[in-house]
S.K.: 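One structure follows; several queries about it will come next.
FYI, the numbering just counts along the sequence from 1.
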Amino acid sequence: MSSRPTPVTYGVDHVRAHLTEFAVIDVRSPGEYAGGHLPTALNIPLDRLDSALPELRHASARGGVLVVCASGARSESASKLLNGHGIPAAGLRGGTSAWAAAGYELHRPPADGNRSGWSMERQVRLSAGLLVLLGLALGLLVHPAFPLLSAGVAGGLVFSALTDTCGMAVMLGKLPHNRPRAADLEAALTSLRAL
């Protein structure tokens, strides 16, 4: 049984020195992207990469493709997906969190009143906290079994930490404020075609 090799990842200093050589693709949700992204990064959420394969193939023929997320987990998945389609792609080790921790600037698009500026991590913390409080309140006011909701959320958070995945983030990513507008996605694809 052969396993696929781990996708290539670069450290922040290497990426900073060679940033202009990459087509940088941020695979986070639009809300996360709006919270701060690498200079020149285009936003194509992970679940929309399939629709961008022709443009990404074109970009890879002209230079490197670098996929970026918050911490590196989603960019690793994106790199595997792209490499599986014959598109060489690398990731940023530690993601935008490592970029910011190294003191490098994050760009933020102009505020748009119709879009969320909350990072996915913040959205998950709010949702998990509200579900825990709801479970406890309903347990006191309605039925003693409702605290099981709080226990389920706690178990989900532990599982999320152990596997470096987050089912709640996936579900929240499907909400309208976390989805790219067609115009935003088309603008990113147009930029890739122009490379």
S.K.: Got a sec, which residues hit side-chain contact (heavy atoms from CB on, under 4.5 Å) with Leu19, two or more places apart in sequence or on another chain?
M.R.: Val15, Val24, Leu38, Pro39, Thr40, Trp99

S.K.: Name all residues meeting the ring pair (Phe, Tyr, Trp, His ring centres under 6.0 Å) criterion together with Tyr10; count only those two or more places apart in sequence or in a different chain, and write none if there are none.
M.R.: His14, Phe22

S.K.: Could you tell me the separation between the CG atom of Asp50 and the NE2 atom of His85, rounded to the nearest 0.5 Å?
M.R.: 5.5 Å

S.K.: Give the intermediate values and the outcome of side-chain contact (heavy atoms from CB on, under 4.5 Å) for residues Leu192 and Ile25.
M.R.: CA-CA 10 Å; Leu192 281 174; Ile25 308 301; 3.8 Å; yes

S.K.: I need the Leu53 CG to Ser51 OG distance, nearest 0.5 Å.
M.R.: 7.5 Å

S.K.: Any pair with a residue in residues 58-74 that passes side chain to side chain donor-acceptor pair (under 3.5 Å), sequence neighbours left out, goes on the list, sorted by first then second residue, please.
M.R.: Glu32-Arg74

S.K.: Which pair of non-hydrogen atoms, one from Val12 and one from Arg93, has the smallest distance, and what is that distance?
M.R.: CG1-O, 4.4 Å

S.K.: Between CG of Leu92 and SG of Cys69, what distance do you get to the nearest 0.5 Å?
M.R.: 8.5 Å

S.K.: Got Glu55 and Ile44 here, is their nearest side-chain heavy-atom distance under 4.5 Å?
M.R.: no

S.K.: Within the side chain of Ser127, is there an N or O that forms a donor-acceptor pair under 3.5 Å with the backbone of Val124?
M.R.: no

S.K.: List the atom of Leu82, the atom of Ala89, and the distance in Å for their closest heavy-atom pair.
M.R.: CD1-CB, 3.8 Å

S.K.: Going by the rule side-chain contact (heavy atoms from CB on, under 4.5 Å), which residues pair with Ser97 if we only count those two or more places apart in sequence or in a different chain?
M.R.: none

S.K.: Applying side-chain contact (heavy atoms from CB on, under 4.5 Å) to Arg48 and Leu185, what does each step give before you reach the verdict?
M.R.: CA-CA 9 Å; Arg48 300 297 302 270; Leu185 186 57; 3.0 Å; yes

S.K.: Mark yes or no for whether Asn43, through its side chain, and Asp26, through its backbone, hold a donor-acceptor pair below 3.5 Å.
M.R.: yes

S.K.: Out of curiosity, does Leu189 fall in the hydrophobic cluster containing Tyr33 (side-chain heavy atoms, cut-off under 4.5 Å, transitive links)?
M.R.: no

S.K.: Identify the two heavy atoms, one from Arg57 and one from Ile87, that lie closest to each other, and give their separation to 0.1 Å.
M.R.: N-CD1, 3.8 Å

S.K.: Please name all residues satisfying side-chain contact (heavy atoms from CB on, under 4.5 Å) with Thr190, sequence neighbours left out, ordered by chain then number.
M.R.: Glu186, Arg193

S.K.: Please check if the side chain of His37 supplies one atom and the backbone of His107 the other of a donor-acceptor pair under 3.5 Å.
M.R.: yes

S.K.: So, the side chain of Ser79 versus the backbone of Ser75: is there a donor-acceptor pair under 3.5 Å, distance only?
M.R.: yes

S.K.: When you measure from the side chain of Arg108 to the backbone N and O of Gly35, does any donor-acceptor pair fall under 3.5 Å?
M.R.: yes

S.K.: Going by heavy atoms in the side chains, are Asp184 and Pro30 under 4.5 Å from each other?
M.R.: no

S.K.: Write down the atom of Leu49, the atom of Ala78, and the distance for their closest heavy-atom approach.
M.R.: CD1-CB, 3.5 Å

S.K.: What pairs of donor and acceptor atoms, side-chain ones from residues 128-146 against any protein atom, are under 3.5 angstrom apart with sequence neighbours left out?
M.R.:
| residue | atom | partner | partner atom | Å |
| --- | --- | --- | --- | --- |
| His143 | ND1 | Ala145 | N | 3.0 |

S.K.: Quick one: closest heavy-atom pair of Leu106 and Ala100, and the distance?
M.R.: CD1-CB, 3.9 Å

